[in-house]
4 protein chains.
Amino acid sequence: MIEQPSATRGRPRDTKTHGAILRAAFTVLECEGYAAATIERIAAEAGVAKQTIYRWWKGKAPLFMEVLAHKAGQAIELPDSGSFKGDLTLLLTGTFAAVSTTLRPLMRALAAELLQDDDFAETVRDVFVRRRRANVRSLVEKAIGRGELPVETDPELICDIVFGTMWYRLMFDHSPLDKAAAEQLAAAANAAAVYATK
Amino acid sequence: MIEQPSATRGRPRDTKTHGAILRAAFTVLECEGYAAATIERIAAEAGVAKQTIYRWWKGKAPLFMEVLAHKAGQAIELPDSGSFKGDLTLLLTGTFAAVSTTLRPLMRALAAELLQDDDFAETVRDVFVRRRRANVRSLVEKAIGRGELPVETDPELICDIVFGTMWYRLMFDHSPLDKAAAEQLAAAANAAAVYATK
Amino acid sequence: MIEQPSATRGRPRDTKTHGAILRAAFTVLECEGYAAATIERIAAEAGVAKQTIYRWWKGKAPLFMEVLAHKAGQAIELPDSGSFKGDLTLLLTGTFAAVSTTLRPLMRALAAELLQDDDFAETVRDVFVRRRRANVRSLVEKAIGRGELPVETDPELICDIVFGTMWYRLMFDHSPLDKAAAEQLAAAANAAAVYATK
Amino acid sequence: MIEQPSATRGRPRDTKTHGAILRAAFTVLECEGYAAATIERIAAEAGVAKQTIYRWWKGKAPLFMEVLAHKAGQAIELPDSGSFKGDLTLLLTGTFAAVSTTLRPLMRALAAELLQDDDFAETVRDVFVRRRRANVRSLVEKAIGRGELPVETDPELICDIVFGTMWYRLMFDHSPLDKAAAEQLAAAANAAAVYATK
DNA sequence: CTTTAATCGAGACGGTACGTCTAGTCTTTGG
DNA sequence: CCAAAGACTAGACGTACCGTCTCGATTAAAG
């Protein structure tokens, strides 16, 4: 969203309109692809004036950011299985499930945007990189505390391995992001942490 | 390129023109970004008619594919240091060096396209995934032959770890793709192969 | 014009823009000729986006039709000198004066179009033939009423003689369309009506 | 045609090609209209290189001039029925027959061109106006010699009446150019000459 | 029997304009 | 003061022809 002007005066913002736009954006993206999801097309789908979209979002990309926030809304709760590999497997299984179904078109669309717009990339980095990595980092720290991983373990490397692979498969579609992938990756990350740290 | 019609009849193709277009495409991409690199802009930069571009390429994306082929022309020679980790480190160091400098804008541009066009994605997959992975696979096989890696080693996992991380950093720019990254990743991949295989 | 959608809602049509386009079209036609009067050139001259022209007119020809209507706007009032020859002379003198000065480039341009586009020809016929002929026909009828012309007088023949000659000279420019021409033609038409009717 | 360089040396002009171009031009004009009769289309139809057309004609208009000359080839022989009205009727009947059938698309196409190109108009005037008028003028002179028409008869007026009407109907198609039209026009022209001369 | 000069086909080329499209902005009416 | 409708500017899209050009392959007459 752009602004939050005077809350009391004049006609209040139509909450239905706001939701309709988010829903329309997602529908068009799913059914007709990102290229077809023009502001005009979304406005038509939502039964809303173009200007109403431009009033609240700077463009296509920020709009879809909010759609994503809406869809991926609920915070992921960190698992606690007792082992690092188990925790990571559970975290990845959940993440991959969402990312390879509902969120897939959204993630790909936003990735396409951030590759072309550095300002947008900066915004997205927070959500797509820092926030996700924080989850993994806390798993790593917990495992270090338990003495399961060496204290020198670099959580960044673990993150690169698991999320790098996730994005790689999301982009090129050469292999699925299923439960088996989550398990294999968790095992690999664990091995890397234990044996490859200097 | 689209076609290669009659070789002898008619005015021969102007090779200078062809090169000028590739060069102009790269220049505009570097200096003004992918969004600004319209066919019209490239044609102007190359001092060439738009139609001449459309005659030989279907659009922006295939044109930049050829630019990439041109820039990344020479085949990467596989290193032979005696150890898997050493080989992989050398391979990644070279690859990362190219990918994080000259090829960077090209790779990002082509990634943005493939995320939006499934037909194009299919074409690109060959170059960006299959071909690159083949290099890693042969390193793995050599190491298995030497008894350095277990016979069950999954080369696909190794590929996902190293190239996943490469694309991840290429996209989000959160960490550099330097020599240290190559070494760290090689170590991690080695550990995963040795210790994480069932 | 193409359409006249909802009259009330939305931003109303900008009358300045509309007028500027008509004026620009006429200016370019006068100064640079019909061939140079491309939609793009007219849009530039009017300081208007191409799309604004395409929104309201189907193309060059309908646009110039409206320019003509604008220029030749005021209805020609039928003269009443007492004699058929006198009336016809007055009508032709006025018509020829307009047609050989201001309207000349317009008439020639529209003639060129109608010769190449049958649909457009049909539209134009109403304005250029039926409407003009109606004026002459009423003069003929009045003269028949006065007993000045025989009842069998064919008004179509009179029309062909006077307007045929007008267009002929407008096209080939071999003789002027001046007062003398009007008088001579009126006399000829009168003689033909009186003496050549079966 | 443009030029006739050195007659003897080099490969002689291919007469089949020349004919094929004229035939193709006429065919495309008849079947697809003047707008579709581009040089490129005609060249394709004739199975000829574009350059071969540009070598011999300056453009579309001069090419179609030669097509007309080819079609309207044989000189019209002046009739001699004994009376001016009879002669004129015969002349017009023949002229109208040709002009409203085979020559119709050609005449319309050339008229469209001359309205847009003053240089071309000058060339055409000779063929379309002066030459045709000469025929009528000699009929008038013969009639004056016979004492059938007054010595002051203005042949130009007669020409304007008959050819003006002819072009007028050719352009707007509001009435046919048949035998009846020839007779009616001849009568009108005769009456105008006899009774309307000063 | 080779040279020389011109024609012809094919088609690449730099251009211009086409008519369509989308992005954003602006300007009304109406709730 | 917001929302809807829609007119507007700006400019890229891909297409069609323009007229010019550069080829190799013919085709004669001249040497």
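Sequence lines set the chain letters: A, B, ... in the order given, protein chains first and strands last, and positions in each chain run from 1. Worth knowing before you read on, the calculation uses all heavy atoms, side chains too, and leaves out hydrogens, waters and symmetry mates.
Both D:Thr38 and C:Val48 sit near DNA chain F, but only C:Val48 has its closest nucleotide nearer the 5' end. Toward the 5′ end of DNA chain E lies the nearest nucleotide of B:Arg11, the other residue of the pair B:Arg11 and C:Gly59 mapping further downstream. Residue order along DNA chain F, read from the 5' end via each residue's closest nucleotide, puts A:Ala49 first among C:Gln51 and A:Ala49.
Proximity of A:Trp56 to the phosphate of F:dC2: no side-chain N or O atom is located under 4.0 Å from OP1 or OP2. Taking 4.0 angstrom as the limit, D:Trp57 places none of its side-chain polar atoms (N or O) nearer than this to OP1 or OP2 of F:dG19. Not one side-chain nitrogen or oxygen of B:Arg9 sits closer than 4.0 Å to the OP1 or OP2 atom of F:dA25. Of the side-chain N and O atoms in D:Arg55, one or more sit less than 4.0 angstrom from OP1 or OP2 of E:dC8.
Using a 4.0 Å heavy-atom criterion, one finds that C:Thr52 contacts the bases of the nucleic acid, with or without backbone contacts as well. Within the 4.0 angstrom heavy-atom criterion, only backbone atoms of the sugar-phosphate kind lie near B:Gly47; the bases stay farther away. Backbone-only engagement by A:Glu40 is indicated by non-hydrogen atom pairs under 4.0 Å involving sugar-phosphate atoms exclusively.
Within the model, atoms CD of A:Gln116 and CD of B:Glu113 stand 7.0 Å from one another, a figure rounded to the nearest 0.5 Å.
Below 30°, between 30° and 60°, or above 60°: for C:His18 and C:Trp57 the angle between ring planes is below 30°, a parallel geometry.
In this entry the distance linking OH of D:Tyr54 with P of E:dA12 reads 17 Å, nearest Å. Rounded to an integer number of Å, the gap from A:Ile53 CD1 to E:dT22 P is 14 Å. Note: CD (A:Glu113) to C1' (E:dA23) measures 13 Å, nearest angstrom. When the P atom of E:dT16 is taken as reference, atom CZ of C:Arg41 falls 14 Å away, rounded to whole Å. One interatomic measurement links the two molecules: NZ of A:Lys16 to P of F:dA4, which rounds to 12 Å at whole-angstrom precision. In this structure, A:Ile42 atom CD1 and E:dA23 atom C1' are separated by 12 Å, rounded to whole Å. If you measure from atom NZ of B:Lys58 to atom P of F:dC13, you get 18 Å, rounded to the nearest angstrom.
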Next on the checklist: Assess the residue pair D:Thr27 and D:Ile42 against the criterion (side chain to side chain contact (heavy atoms under 4.5 Å, CB included)); give the C-alpha distance rounded to whole Å, side-chain angles, the decisive distance to 0.1 Å, and a yes or no.
Outcome noted: CA-CA 9 Å; D:Thr27 304; D:Ile42 294 168; over 6 Å; no
Checklist entry - For A:Trp56 and A:Thr52, what are the C-alpha separation, side-chain angles and deciding distance, and is it a side chain to side chain contact (heavy atoms under 4.5 Å, CB included)? => result CA-CA 7 Å; A:Trp56 300 108; A:Thr52 304; 4.3 Å; yes
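The base of E:dG11 lies outside donor-acceptor range of the side chain of D:Lys50, with no N or O pair under 3.5 Å.
With E:dC18, F:dG19, E:dC13 as the choices, the nucleotide that has an atom nearest any side-chain atom of D:Ile39 turns out to be F:dG19.
A cation-pi arrangement is present between A:Lys60 and A:Tyr34, with the terminal nitrogen or guanidinium carbon under 6.0 Å from the aromatic centre and inside a 45° cone about the axis.
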